[in-house]
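Notes follow once the structure below has been shown.
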Amino acid sequence: MRRALKTLDTVEVVVLVAVLVFLVTCTFAGVVLRYVFNSPFTWMEEVQLASMVWLAFLGGSLAFRSHGHVAVEIVIDSLPTAAQRTARIAIGVIVYAILLYLFLRCMDFLQLFAMTGRGTPVLDMPYTIVYGIAPVAVVLMIISYTATEFWPALSEVFGRRNEKKEAGA
C-alpha cells in the first residue's frame, strides 16, 4: 500500500510540476507578446484557466497526503483521549460525505458539458477536458484521506480496543 501511495504521490507531483511549468511559460510568453510585440494571444486566458483548474484539483489531492489542508486541532486536542478518537472518526465520515457530494456534482457538471458539447469560446476546447480532472482528483482525495487519516484513526480506535481485550484475556 505504501509503495502504491508513493507512486501516486510521484505521478501527481510530476503532473503538477509539468502543468505549473506550462502555465508559467504560457504566461511569460503572453506578457512578452502583449507588451513587447503588441500582439497578444487571444487564447492565452483559456489555457491559463484550464491549467489553474488542474493545479487546484490535483493540489488538493496532494495536500491530503501531505497534511497540507487547514485543520483546527485546538478543539479536538482539548477533548479527552476517547472523545478525540470518536471525533476523528466523525470528522472522517463528514469528509467522506463532502467528497462524495463533490464527486457526484462534478459528474453532473461533466455530463451537462458532454451533452451540450460546450467548449471554450476561442479554442473551442471541450469543457470536459478543462474540468475533467475534478472527479479524478476527488477520487485521489478519497484515496489519500483514507490512507493518511482515516485508516490510522480507525486502527488507533480499534487497535486500542484489541489491546485491552488481549490484556484482559
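Note that the coordinates shown come from a computational prediction; the quantities given were computed from them, not determined experimentally. What's counted below: heavy atoms across the whole structure, side chains too, no hydrogens, waters or symmetry copies.
- In the hydrophobic clustering of ILVMFWY residues, with side-chain heavy atoms under 4.5 Å counting as a link, Val17 and Leu55 come out together.
- Between Val47 and Leu123 the shortest side-chain heavy-atom distance falls below 4.5 Å.
- For Asp108, the CG atom counts as densely surrounded, since its 6.0 Å shell holds more than 12 non-hydrogen atoms of other residues, nucleotides or ligands.
- Annotation: ring-ring contact (aromatic ring centres under 6.0 Å, His included) contacts of Phe57 (sequence neighbours excluded): none.
- No more than 12 heavy atoms of other residues, nucleotides or ligands sit less than 6.0 Å from atom CZ of Arg34.
- Between Ser61 and Glu12, some side-chain heavy-atom pair lies under the 4.5 Å cut-off.
- Side-chain heavy atoms closer than 4.5 Å link hydrophobic residues (I, L, V, M, F, W, Y) into clusters, and following such links, even through other members, never connects Ile98 to Val93.
- Leu99 approaches Met141 most closely through the heavy-atom pair CD2-SD, 3.8 Å.
- The minimum heavy-atom distance linking Leu16 with Gly59 is given by the pair CD2-N, 3.8 Å.
- In this structure, Cys106 and Tyr131 have side chains that are not in contact, with every pair of non-hydrogen atoms separated by 4.5 Å or more.
- Here the shortest heavy-atom pairing between Leu79 and Gln84 reads O-NE2, 2.9 Å.
- Using a cut-off of 4.0 Å between Lys/Arg side-chain N and Asp/Glu carboxylate O, Asp77 and Arg88 are scored as salt-bridged.
- By the ring-ring contact (aromatic ring centres under 6.0 Å, His included) test, Tyr101 pairs with no residue at all, sequence neighbours left out.
- Counting only distance, with no hydrogens or angles, the side chain of Gln48 and the backbone of Cys26 share no donor-acceptor pair below 3.5 Å.
- Here the side chains of Val19 and Leu58 are not in contact, with every heavy-atom distance at 4.5 Å or above.
- With sequence neighbours left out, Phe41 forms a ring-ring contact (aromatic ring centres under 6.0 Å, His included) with Trp43.
- Side chain of Trp54 to main chain of Ile133: no donor-acceptor pair is present (N/O by atom type, distance under 3.5 Å, no hydrogens or angles).
- A donor-acceptor pair under 3.5 Å links the side-chain atoms of Thr148 to the main chain of Phe64, judged by distance alone.
- Ile143 contributes atom CD1, which lies 8.5 Å from atom CZ of Arg65 (distance to the nearest 0.5 angstrom).
- Side-chain contact, Tyr127 with Thr116: no donor N or O sits under 3.5 Å from an acceptor N or O.
- Residues Ile91 and Ile76 meet the side-chain proximity criterion, which asks for heavy atoms closer than 4.5 Å.
- By the criterion of side-chain heavy atoms lying less than 4.5 angstrom apart, applied directly or through intervening Ile, Leu, Val, Met, Phe, Trp or Tyr residues, Leu140 is grouped together with Met52 in one hydrophobic cluster.
- Residue Pro135 comes nearest to Leu110 through the heavy atom pair CG-CD1, 3.4 Å, listed as atom of the first residue, atom of the second, then distance.
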